[in-house]
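Report on the structure given below.
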Amino acid sequence: MKRSMVGEGGDVAAAAVAAVVEEEVGASKKRRICDAGGGEEEREESESESESESESGFQLDEDLLFEVLKHADAKSLATAACVCKQWYRTAQDERLWEMVCTRHWANVGCGNQQLRSVVLALGGFRRLHTHCLWPFLKPSAMAGASLPAAAAAPSAPFSAPVVPPKSSAHWGKDEMHLSLSLLSIRYYEMMDLKKRGR
Amino acid sequence: MSESTEKKMVRLRSSDGEVFEVEESVAKVAKTLQDMLEEDCADAVIPITCVRAPILTKVIDYCKDQVMISSSSSTTNNPNERTEQERKAWGQKFMEGVDSSTLCELLVASNFLNIEGLLNLGVDKMVSMIQGKYPQEIRDMFNVVNDFTPEEEEEIRNQNAWAFERDPYYKKRSSSK
């Protein structure tokens with residue numbers, strides 16, 4: 001199955017990668033390196049950069065932020081990307097999204113390396129999650145996420161899911177194959193659009 | 001730990017110049033310090049250049065506790081020093097009341113000193129603080145400056161719109177007010 005997705009034509013995957021690269025480049029153009037450095041330098045930098053941060057603005061460097069986000073759920077990870085450029089760069093890391101995705105799969109059914117190469121060729125784990133996992137995990141994920149948010153929004157409209165969040169947290173091989181297929185279909189469609197559009 | 005029965009003391013100096021005297025066994029909870037002490041390359045006072053005194057106090061509290069549980073477990077017949085639940089509860093209590101800037105400093109300190117347990121506590125705490133929050137709340141909490149241009153921010157928010165679906169601002173849901 002995986003073979004057929006990749007084997008459909010090397011250029012299919014290549015074009016998919018190209019599409020992602022195109023998008024990533026667009027995003028990275030806007031990225032400016034704010035401050036990447038070790039703990040001590042970081043503090044000195046932020047002190048000299050803005051006077052308001054001298055006392056309480058102790059910023060984490062990207063390695064530590066990465067450590068934190070490794071344990072974050074998908075929603076927190078997506079939210080973290082919206083905080084600032086440094087957080088965005090860190091939260092885009094495919095390794096984090098790989099962890100988010102594989103957390104749902106009790107049995108991947110193939111080697112991690114194999115899975116990684118297929119998913120990365122088709123656009124990455126972040127996209128896989130956003131487009132092919134989240135829509136199915138949504139109700140239970142929301143039930144889980146709405147608990148801490150309940151204080152902020154007590155009129156939680158998501159009372160419907162009765163399923164405990166954990167029951168759908170572990171997917172089998174079939175679900176994984178399905179989501180991978182969806183991901184490859186998505187890319188196929190996107191490519192087509194791009195060819196027609198531009 | 002076995003060879004140092006006479007309770008050798010180690011002095012640590014925080015970035016703001018305060019000197020702390022602790023037992024060697026306490027200092028050795030920090031792997032970075034353990035390496036220094038074992039290689040015998042530690043000076044009379046070890047400078048901890050990136051950790052302020054109030055944070056170092058907290059770190060030392062943690063290390064003392066770790067020493068206490070490991071020593072008490074060898075005297076009592078309880079093989080596991082604490083049950084998983086007890087450890088969790090203790091960790092929560094230890095991090096209770098830690099504000100976000102202290103938390104960041106604790107993370108940096110435990111990373112620098114290589115204290116895995118404390119780093120994990122800090123990470124868990126930070127994850128729980130981020131969870132269910134909006135970007136602006138996170139910025140406020142951790143004093144992060146929003147350095148996106150409005151266009152960039154909108155684009156990135158759109159990319160991650162699914163994470164905000166409960167927010168009526170991002171997706172007008174009929175059921176939400």
Side-chain angles (χ1 to χ4, degrees), chain A residues 26-27 30-32 34 38-40 42-43 46 49-50 52-53 55-61 63-65 67-88 91 126 129-131 134-135 138 142 145-153 155-158, chain B residues 15 49-52 55 99-112 119-120 122-139 141-149 151-153 155-157 159-168 173-177:
Chain A
K30 291 171 204 147
R31 294 177 203 165
R32 239 164 290 133
C34 36
E40 305 126 81
E42 181 99 352
R43 193 154 75 121
S46 60
E49 262 170 26
S50 60
S52 66
E53 284 184 354
E55 192 143 310
S56 50
F58 200 94
Q59 306 270 308
L60 294 177
D61 65 12
D63 288 343
L64 271 176
L65 194 55
E67 278 305 308
V68 171
L69 295 180
K70 250 159 78 173
H71 300 270
D73 60 12
K75 265 192 160 183
S76 303
L77 203 50
T79 310
C82 305
V83 169
C84 73
K85 288 180 181 171
Q86 188 205 20
W87 285 51
Y88 175 76
R126 192 172 63 86
H129 180 272
T130 310
H131 302 299
W134 175 251
K138 220 163 160 178
M142 274 189 168
S146 66
L147 290 176
S155 60
F158 325 110
Chain B
S15 64
T49 47
C50 62
V51 185
R52 295 190 303 118
I55 307 302
D99 62 39
S100 50
S101 70
T102 307
L103 177 62
C104 289
E105 288 189 72
L106 267 178
L107 283 169
V108 171
S110 52
N111 188 45
F112 173 76
L119 185 65
N120 289 342
V123 164
D124 288 350
K125 171 88 177 176
M126 186 154 171
V127 167
S128 70
M129 283 169 98
I130 291 175
Q131 204 162 41
K133 299 284 195 310
Y134 293 116
Q136 190 53 46
E137 292 175 297
I138 295 176
R139 283 183 208 122
M141 213 169 11
F142 293 99
N143 239 318
V144 179
V145 178
N146 179 5
D147 54 0
F148 291 124
T149 65
E151 299 81 49
E152 283 169 353
E153 191 179 5
E155 192 191 316
I156 290 165
R157 285 221 177 199
Q159 267 178 31
N160 296 293
W162 57 270
F164 304 104
E165 274 177 356
R166 64 177 186 276
D167 188 342
R173 293 198 153 227
S174 53
S175 45
S176 59
K177 284 176 203 169

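Within every chain, numbering begins at 1; the chains are lettered A, B, ... in the order of the sequence lines, protein sequences first and strands thereafter.
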**Request:** Verify side-chain contact (heavy atoms from CB on, under 4.5 Å) between A:Val68 and B:Ile130, making sure each step is shown before the conclusion.
**Result:** CA-CA 10 Å; A:Val68 171; B:Ile130 291 175; 4.3 Å; yes
**Item:** Nearest non-hydrogen partners of B:Asn160 and A:Ala81, listed with the distance
**Value:**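 In this case the closest contact between B:Asn160 and A:Ala81 is ND2-CB, 3.9 Å.
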**Message:** Looking at every heavy atom in both A:Cys84 and B:Val144, which two are closest together, and how far apart are they?
**Reply:**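 Closest pair (atom of A:Cys84, atom of B:Val144, distance): SG-CG1, 3.4 Å.
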**Which atoms of B:Ile138 approach chain A - backbone, side chain, both or neither, heavy atom under 4.5 Å** =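 Side chain of B:Ile138 only, per the 4.5 Å heavy-atom cut-off to chain A.
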**Prompt:** Could you give the distance from OH (B:Tyr134) to OG1 (A:Thr79), rounded to the nearest 0.5 Å?
**Reply:**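 B:Tyr134 atom OH to A:Thr79 atom OG1 measures 9.0 Å (nearest 0.5 Å).
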**Asked** At what distance, to the nearest 0.5 angstrom, does SG of A:Cys82 lie from CD of B:Gln136?
**Response**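 Going from SG on A:Cys82 over to CD on B:Gln136, the span is 11.5 Å.
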**Request:** Just give me the residue among A:Leu69, A:Asp63, A:Leu77, A:Thr130 that pairs up with chain B most often, heavy atom to heavy atom, under 4.5 Å.
**Result:**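 Highest number of pairs under 4.5 Å: A:Thr130.
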**Asked** Is a donor on one side and an acceptor on the other found under 3.5 Å between the side chain of B:Asp147 and the backbone of A:Lys85?
**Response**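 Pair found, side chain donor or acceptor close to backbone of A:Lys85.
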**Asked** What pairs with B:Ala109 under side chain to side chain contact (heavy atoms under 4.5 Å, CB included), at least two apart in sequence or on another chain?
**Response**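 Expected list: B:Val51, B:Ile55, B:Val59.
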With a 4.5 Å heavy-atom cut-off, do [X] and [Y] have their side chains touching?
X       : Y        : value
A:Leu64 : B:Leu119 : yes
A:Asp73 : B:Gln131 : yes
A:Leu60 : B:Glu105 : no

**Prompt:** A:Tyr88 vs B:Phe148 aromatic rings, parallel, tilted or perpendicular, using cut-offs 30° and 60°?
**Reply:**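 The arrangement is perpendicular - the two ring planes meet at more than 60°.
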**Request:** Could you check which of B:Leu107, B:Asp124, B:Asp99, B:Thr102 has the highest count of heavy-atom pairs closer than 4.5 Å to chain A?
**Result:**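 Among the listed options, the one with the most contacts to chain A is B:Leu107.
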**Request:** Applying salt bridge (charged side-chain N to carboxylate O under 4.0 Å, His left out), name anything that partners B:Glu153, two or more places apart in sequence or on another chain.
**Result:**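 Here the qualifying residues are B:Arg139, B:Arg157.
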**Message:** Working note: B:Met126 + A:His71, criterion side-chain contact (heavy atoms from CB on, under 4.5 Å); need CA distance, chi angles, decisive distance, verdict.
**Reply:** CA-CA 10 Å; B:Met126 186 154 171; A:His71 300 270; over 6 Å; no
